[in-house]
Amino acid sequence: MDQISGFSKLTKKEKIDWIASQLDNTSAEKFLTIKRFWQDNEQEQKVFDEFSENTITNFIFPYGIAPNFKINNKLFCVPMVIEESSVVAAASKSAKFWQNRGGFKAEVISVEKSGQVHFTWDGEKTALVNFFADYKDLILNSVQDIVQNMEKRGGGVKDLELVDRTSDLENYYQLSASFNTCDAMGANFINSVLEKFATTFEHYFQQEINKNNIQGQLEIVMSILSNYTPNCLVKAHVECPINELGNFGEGIDSNTFATKFKRAVDIAYHDRQRAVTHNKGIFNGIDAVILATGNDFRSIEACGHAYAAKDGHYRSLTKCEINNDIFKFEIEIPIALGTIGGLTNLHPMAQTSLELLENPSAEQLMKIVACVGLAQNFGAIQSLVTTGIQKGHMKMHLLNILNQLEAQDEEIEKAKEYFKMNTVSFSAVREFLEQSREIQ
Ligand code: MEV
């Protein structure tokens, strides 16, 4: 590839042509076909193009539905955007299973978000502490024009405190603020407020140390929201008497299932190797809904994993209890998301998803997302402790392989039948197709 300057200034077509000019003829020809993924509707395409930078086409992901989610006695069809086979099927299966056993119960515990102005001060701590006591209100009031709309909606800045972190890092302090951003994810809001806090703080603190001849150097390092939101927390659970769990085939009665299921969850609590995969499965479901609703899956994942390690050891985000013959499976997870603003308003499919979920508030969506994460984990563990994961997984994967090998409809049907009793692998499917084509 040649070096290029001014790539971002090229039009979309020019960008594509330049990249094609860098490729050999065969690859260039193939590359040029990426235009087929452009939306016909130019206006709509322009919206997609402007989400990001240097956009040249769209990358299509499947948009699926997991029906029958009974959450706090209300039924939902949940939209899920995910490329991995089996995920939507597993979520749907779990949703249906629990629909007839009381459904999911979910509650939001808290909705606080936070952000910090990180700074260093090498002078006396008391100067800082005294200044903060005198100027806290002024610093808080300096953001009035930014917060007024959020305050009208019931949110805003909830608190601001000075935090001494000098025992961790020399001269390191924070102004740490907590926020309620109502139905918005609120990242821009929080960052704007923090940057204003920083300039106000710096201005008045500098003035104060000059006036009083206080020795020391203040440096604002950065002002940024924290994606770690342990106080933006939601809980969800399912429960039923063990004997209502039913039979899981091949000698696995409900008692055996419950005990084995609980053991699998306990293993993920104690064993990091297992916990990461266990939680990855939870995020299969969570990310899929987060993406479908135009939210930021990176922040929710980062936070969820940090929360899983909150006691210093990375653990499962779900837990299972068996008390008095009642099987209870629950999740507790921080999920900071929004249902207004940002991509939730701009992405046409995100809007469709929110409408499908009956235009939920952020708190309602937190509950739905937590239930999908729990359902996903239930489905994975159910398979793991009964048939094993590959049976269902490869059944779904079979279709991908067949498509990759350009199988025709009739061949697909025959393959589905054949692989009910045979192990799916890429080579086995290829062999099956070759043989059935030879016979014809
Ligand atoms: C695969 O994407 C997710 C699982 O591995 C999760 C799990 O093992 O619990 C099936």
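Both ligands and their constituent atoms are indexed starting at 1 by order of listing. Note that this is a predicted model, so its numbers are computed, not measured.
Among Thr277, Asn284, Leu384, Ile82, the residue whose heavy atom sits closest to atom 6 (C) of ligand 1 is Thr277.
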**OP:** Run the numbers on Glu410 and Lys414 for salt bridge (charged side-chain N to carboxylate O under 4.0 Å, His left out), then give the verdict.
**Re:** CA-CA 6 Å; Glu410 203 184 322; Lys414 279 188 189 155; 3.8 Å; yes

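Under the side-chain contact (heavy atoms from CB on, under 4.5 Å) test applied with Thr339, the options Leu354, Asn359, Leu357, Thr293 reduce to a single match, Leu354.
Within ligand 1, counting atoms from 1 as listed, the ones closer than 4.0 Å to a heavy atom of Glu84 are 1 (C), 2 (O). Every atom of ligand 1 with a heavy atom of Lys280 under 4.0 Å away is listed here by number and element: 1 (C), 2 (O).
Counting protein heavy atoms under 4.0 angstrom from atom 4 (C) of ligand 1 gives zero.
The proximity of Ile389 to ligand 1, defined as any non-hydrogen pair under 4.0 Å, is limited to the side chain.
A donor-acceptor contact under 3.5 angstrom links the side chains of Ser176 and Gln116, judged on distance only.
Taking the side chain as every heavy atom from C-beta outward, Leu433 and Leu402 approach each other to under 4.5 Å. You'll find the side chain of Leu10 reaches within 4.5 Å of the side chain of Ile4, heavy atoms only. Within the 4.5 Å cutoff, the side chain of Leu399 has no heavy atoms near those of the Ser85 side chain.
Considering both main-chain and side-chain atoms, Arg274 comes within under 3.5 Å of ligand 1 through a nitrogen or oxygen pair. Ligand 1 has no N or O atom lying under 3.5 Å from any N or O atom of His278, backbone or side chain.
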